[in-house]
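What follows is one structure encoded as structure tokens, with my remarks underneath.
For the single chain, residues carry numbers from 1 onward in sequence order. First listed ligand is number 1; within each ligand, the first listed atom is number 1. Computed from a prediction, not measured in an experiment: that's the story for all the values here.
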Amino acid sequence: MATTLPILTPDLQAPPPAPDQARKAGRLIDSHGRCIQDVRLSITDRCNFRCIYCMEPGDRFLPKMELLSLDEYIRLVGILLELGIRTLRITGGEPTLYPDLDALINHVGQLDLDDIAMTTNGSNLDLRRLEQWRSAGLRRMTFSLDTLREERMKSITRSTSTVQDVLGAIRLAREAGYPRPKVNAVIIRGINDDEIVDFAKLARNEDLDIRFIEFMPLDSGRAWNRDHVVDANEMLLNIEQQFTLKAENGDNPHSTSMNWTFADGSPGRIGMIAPVSRPFCGACNRLRITAEGRIRPCLFSHEEWDIRSLLRSGSTNKAIANAIVDMAWTKQAGHGIGHSDFVQPERTMSAIGG
Ligand code: SAM
Ligand code: SF4
């Protein structure tokens, strides 16, 4: 019986060419004057969790041949570096499930980048791997943890991983020499909004950088609605009933989070990532690349551009660089979540790379 091979998703149209000055500059500039220097690279669409705000249990993954290979990632990052990229975040899906992760870090760690970070659910780490990546050039680790209660952990992540597993992985990251780890906590009304102060206490007790994230309309279950969002203001008020916070100035202007320390000098830091209530699009310098080689100028883009077909069709690095310049030029001014005509993108967070 004939075997049916999975069909590669069809190539997308190319973007319109960017103006000559953008191509001549050889830099990633968008039509709103923003200079793109940060790339979020998704290295897999696979995940061992099914977080309720991200994936559904029945979600299917792409066939392996659709995903970029290690050599394709390496080539692409080299081209991006030439185009002025300074920082790289490795993400997914769950990046620690990517079989060539060690080789990828060994490679990108040698490049002239200002920062290389990884976001992980912390379920698949050990000290040896963490140390190896650190010496290869990985600079920072961000962990995702949305609850400190074991029962809730099961129902939020729909995995067998425990809160203690993730806290253990965070301690290992410290032991391996990473600076103060960041912890992302997506807060959803009626799910975990009663743990905001507990997370603030964790930040103090464990000297962590806890970043509260507003729930975004990127869930595969499409359950998002405005009522589920606990906005940054409400979260701050909640914390300030217990602790006095001191706003941090002088942060990276492109940072996604607004940050605070504790006024009493306790260790730890609080961050708010508030794309819904306080969009930070004006200072956004990011570009996202999906695991199958699509370039997304914005998390909420409805347009995405295919770079994989160029990588696989004998195009020169110069031609690919020009295509990426064109793609970057199309970056939209803002995500428009608050607008009445906002439409949730087809892709979910796990298929984009958060
Ligand atoms: N699997 C890794 C992890 O969970 O850390 C990396 C990929 S995950 C897509 C990256 C980040 O996106 C996580 O911190 C996760 O909490 C966040 N995220 C996923 N879906 C989200 C949503 N609908 N709203 C806000 N943040 C979301
Ligand atoms: Fe997996 Fe991360 Fe999405 Fe959770 S947030 S389902 S760990 S990709």
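Atoms of ligand 1 lying under 4.0 Å from any heavy atom of N184, numbered from 1 in the order shown and given with element: 14 (O). Listed by number with element, the atoms of ligand 1 under 4.0 angstrom from any heavy atom of V186 are 16 (O), 25 (C), 26 (N), 27 (C). Every atom of ligand 1 with a heavy atom of E214 under 4.0 Å away is listed here by number and element: 25 (C). Atoms of ligand 1 found under 4.0 Å from any heavy atom of E94 (numbered from 1 in listed order, with element): 1 (N), 2 (C). Close contacts between ligand 1 and T91 involve ligand atoms 6 (C), 7 (C) [criterion: under 4.0 Å to a heavy atom]. If you number the atoms of ligand 1 from 1 as listed, the ones under 4.0 Å from a heavy atom of F215 come out as 23 (N), 24 (N). Atoms of ligand 1 lying under 4.0 Å from any heavy atom of N121, numbered from 1 in the order shown and given with element: 2 (C), 3 (C), 5 (O).
With a 6.0 Å cutoff to the six-membered ring centre and a 45° limit on the axis angle, R158 does not count as a cation-pi contact of F49.
In summary, the side chains of N259 and S257 do present a donor paired with an acceptor at a separation below 3.5 Å, with no hydrogens or angles considered. Using a 3.5 Å distance cut-off with no hydrogens or angles, the side chains of R152 and T147 do not pair a donor with an acceptor. No donor-acceptor contact under 3.5 angstrom links the side chains of D264 and T244, judged on distance only. Using a 3.5 Å distance cut-off with no hydrogens or angles, the side chains of N285 and R34 do not pair a donor with an acceptor. For the residue pair T119/R89, the side-chain donor-acceptor check at 3.5 Å is satisfied.
Atom CD of E240 has more than 12 neighbouring heavy atoms from other residues, nucleotides or ligands inside a 6.0 Å radius.
A salt bridge links E206 to R171: one of the charged nitrogens lies within less than 4.0 Å of a carboxylate oxygen. Using a cut-off of 4.0 Å between Lys/Arg side-chain N and Asp/Glu carboxylate O, E94 and R46 are scored as not salt-bridged. Salt bridge annotation for R23-D326: present, with a cationic side-chain nitrogen under 4.0 angstrom from a carboxylate oxygen. A salt bridge is absent between K331 and E303; no separation between the charged side-chain nitrogens and carboxylate oxygens falls under 4.0 Å.
The proximity of T120 to ligand 1, defined as any non-hydrogen pair under 4.0 Å, is limited to the backbone.
Annotation: G93 places an N or O atom under 3.5 Å from an N or O atom of ligand 1; distance criterion only. By the 3.5 Å distance cut-off applied to N or O atoms, M216 is counted among the residues near ligand 1. Ligand 1 has an N or O atom lying under 3.5 Å from an N or O atom of S144, backbone or side chain.
Distance from atom 8 (S) of ligand 1 to its nearest protein heavy atom, with residue and atom name: G92 O, 4.4 Å. What sits closest to atom 10 (C) of ligand 1 on the protein, heavy atoms only, is G354 CA, 3.8 Å. Summary of contacts: the protein heavy atom closest to atom 19 (C) of ligand 1 is M349 CG, 3.2 Å.
Within the structure, the ring pair (Phe, Tyr, Trp, His ring centres under 6.0 Å) test picks out the following pairs touching residues 62-102 (sequence neighbours left out): Y73-Y98.
Relative orientation of the F243 and F262 rings is perpendicular, given thresholds of 30° and 60° on the angle between their planes.
The closest non-hydrogen atom to atom 21 (C) of ligand 1, taken over W224, F143, Y53, comes from Y53.
Counting only protein atoms, the N, O or S atoms lying less than 2.8 Å from atom 1 (Fe) of ligand 2 are C47 SG, ordered by chain and residue number.
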